[in-house]
Amino acid sequence: MSETSVSQATLLYRLQTFDLGIAQRLARLQEIETVLGQDETVRKARQRFEAADSALTPWQARVRDLDLEIKSLTQKIQQTDRSLYSGKITNPKELQDMQEDIASLKRRQSQLEDELLEAMMKSEEGQAAVAEAQRQLNDAQAAWAGSQVDLLDEKQRLEKEVADWQAQRQQAAAAVDPASLSRYEALRPKKRGQAVALLKGDSCVMCGVEQTSRIAQQVRQGTQLVYCESCGRILATP
Ligand SMILES: [Zn+2]
């Protein structure tokens, strides 16, 4: 079958294949544009990391404070101890007071050591949580960088395909007579891009409605544009 004997409807159907393919790729390109530059997962992972870090900081400060306090207390106990056994103080009341002081300082020391132990445990837990959050943040960033590369590859591929398809579309459109083309263009937006439907048996593929044998025959003859009785699309044979 030579190209001139192909019906206008068939030519329009071929044109529509390009138009649909181009529209599909343009829609995906728009999606990619939206996704590129967004990093929701990374943003959330960073938030969790910052929260874990903030929770850890006061415990680390508490460990340092308690450590200092215990050291100064230990010094005080040693000093009092030395004075007590220096032999310089002989007053029994004074000696008893010093012994009581030492006992009281030691009780305080023991209390602070318990607190330090708890703060160290909290600090260690906090450090583990920060390390885990850091690991998750790194993973999210790596995945994001990877997805960016994949998306950029896909974008390039789609842009090339769209350019190729548009060139072929132009050729397909040039093969259609202007009157048929303008009827197709007018119908396209009303049918969500599907202005042409194939006839399968005697039925319209798009809406499934069986056509009268006269209409089906006209479609097969291909001498004029024939519309589906039900959905109004141009009927074509492949
Ligand atoms: Zn139909």
Whether [Y] and [X] form a salt bridge (side-chain N of Lys/Arg under 4.0 Å from carboxylate O of Asp/Glu) is what I want to check.
{"X": "Arg157", "Y": "Asp153", "answer": "no"}
{"X": "Asp202", "Y": "Arg220", "answer": "yes"}
{"X": "Glu69", "Y": "Arg108", "answer": "yes"}
{"X": "Arg62", "Y": "Glu115", "answer": "yes"}
{"X": "Arg46", "Y": "Glu50", "answer": "no"}

To the nearest 0.5 Å, how far apart are [atom1] in [X] and [atom2] in [Y]?
{"X": "Ser110", "Y": "Ile70", "atom1": "OG", "atom2": "CD1", "value": "9.5 Å"}
{"X": "Lys71", "Y": "Thr74", "atom1": "NZ", "atom2": "OG1", "value": "9.0 Å"}
{"X": "Leu152", "Y": "Gln156", "atom1": "CG", "atom2": "CD", "value": "7.5 Å"}
{"X": "Gln79", "Y": "Asp101", "atom1": "CD", "atom2": "CG", "value": "12.5 Å"}
{"X": "Ser104", "Y": "Ile77", "atom1": "OG", "atom2": "CD1", "value": "9.0 Å"}
{"X": "Cys207", "Y": "Gln194", "atom1": "SG", "atom2": "CD", "value": "12.0 Å"}

Closest heavy-atom pair and its distance - [X], [Y]:
{"X": "Thr57", "Y": "Asp53", "result": "OG1-O, 2.8 Å"}
{"X": "Val42", "Y": "Ala140", "result": "CG2-O, 3.5 Å"}
{"X": "Val176", "Y": "Ser180", "result": "CG1-CB, 3.7 Å"}
{"X": "Val162", "Y": "Arg25", "result": "CG2-CB, 3.5 Å"}
{"X": "Pro189", "Y": "Ala186", "result": "CD-O, 3.5 Å"}
{"X": "Lys191", "Y": "Cys231", "result": "NZ-O, 2.5 Å"}

Heavy-atom check, side chain of [X] versus side chain of [Y], under 4.5 Å:
{"X": "Lys155", "Y": "Leu158", "result": "no"}
{"X": "Val209", "Y": "Ser203", "result": "no"}
{"X": "Leu198", "Y": "Tyr13", "result": "yes"}
{"X": "Cys228", "Y": "Gln211", "result": "yes"}
{"X": "Leu95", "Y": "Leu84", "result": "yes"}
{"X": "Leu20", "Y": "Gln24", "result": "no"}

So does [X] have more than 12 non-hydrogen atoms from other groups sitting under 6.0 Å from [atom1]?
{"X": "Gln30", "atom1": "CD", "result": "no"}
{"X": "Lys76", "atom1": "NZ", "result": "no"}
{"X": "Phe49", "atom1": "CZ", "result": "yes"}
{"X": "Met120", "atom1": "CE", "result": "no"}
{"X": "Gln170", "atom1": "CD", "result": "no"}

Can you confirm whether the side chains of Glu132 and Gln136 place a donor and an acceptor under 3.5 Å from each other?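 Gln136 and Glu132 do have a side-chain donor-acceptor pair below 3.5 Å.
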
Would you say the side chains of Asn138 and Gln134 form a donor-acceptor pair under 3.5 Å?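 Indeed, the side chains of Asn138 and Gln134 share at least one donor-acceptor pair under 3.5 Å.
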
Quick check against the 3.5 Å criterion: does [X] have a side-chain atom that pairs as donor or acceptor with the backbone of [Y]?
{"X": "Gln8", "Y": "Asp177", "value": "yes"}
{"X": "Arg14", "Y": "Ala172", "value": "no"}
{"X": "Thr10", "Y": "Thr237", "value": "yes"}
{"X": "Gln109", "Y": "Leu73", "value": "no"}

Applying side chain to side chain contact (heavy atoms under 4.5 Å, CB included), run through Glu154 and Asp150 and close with a yes or a no. CA-CA 6 Å; Glu154 190 185 352; Asp150 290 348; over 6 Å; no

Consider only side-chain heavy atoms of I, L, V, M, F, W and Y, link residues closer than 4.5 Å, and tell whether [X] and [Y] are in one cluster.
{"X": "Leu66", "Y": "Trp59", "result": "no"}
{"X": "Leu137", "Y": "Leu56", "result": "yes"}
{"X": "Leu187", "Y": "Leu15", "result": "yes"}
{"X": "Ile234", "Y": "Leu199", "result": "no"}
{"X": "Met206", "Y": "Val219", "result": "no"}

Going by side chain to side chain contact (heavy atoms under 4.5 Å, CB included), Leu235 matches just one of Val205, Val196, Ile215. Which one?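 The passing option is Ile215.
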
Val130/Gln127 under side chain to side chain contact (heavy atoms under 4.5 Å, CB included): CA gap, chis, key distance, verdict: CA-CA 5 Å; Val130 167; Gln127 276 169 355; 5.6 Å; no

Would Leu26 and Leu29 count as a side chain to side chain contact (heavy atoms under 4.5 Å, CB included) here? Give the steps. CA-CA 5 Å; Leu26 288 178; Leu29 276 170; 4.3 Å; yes

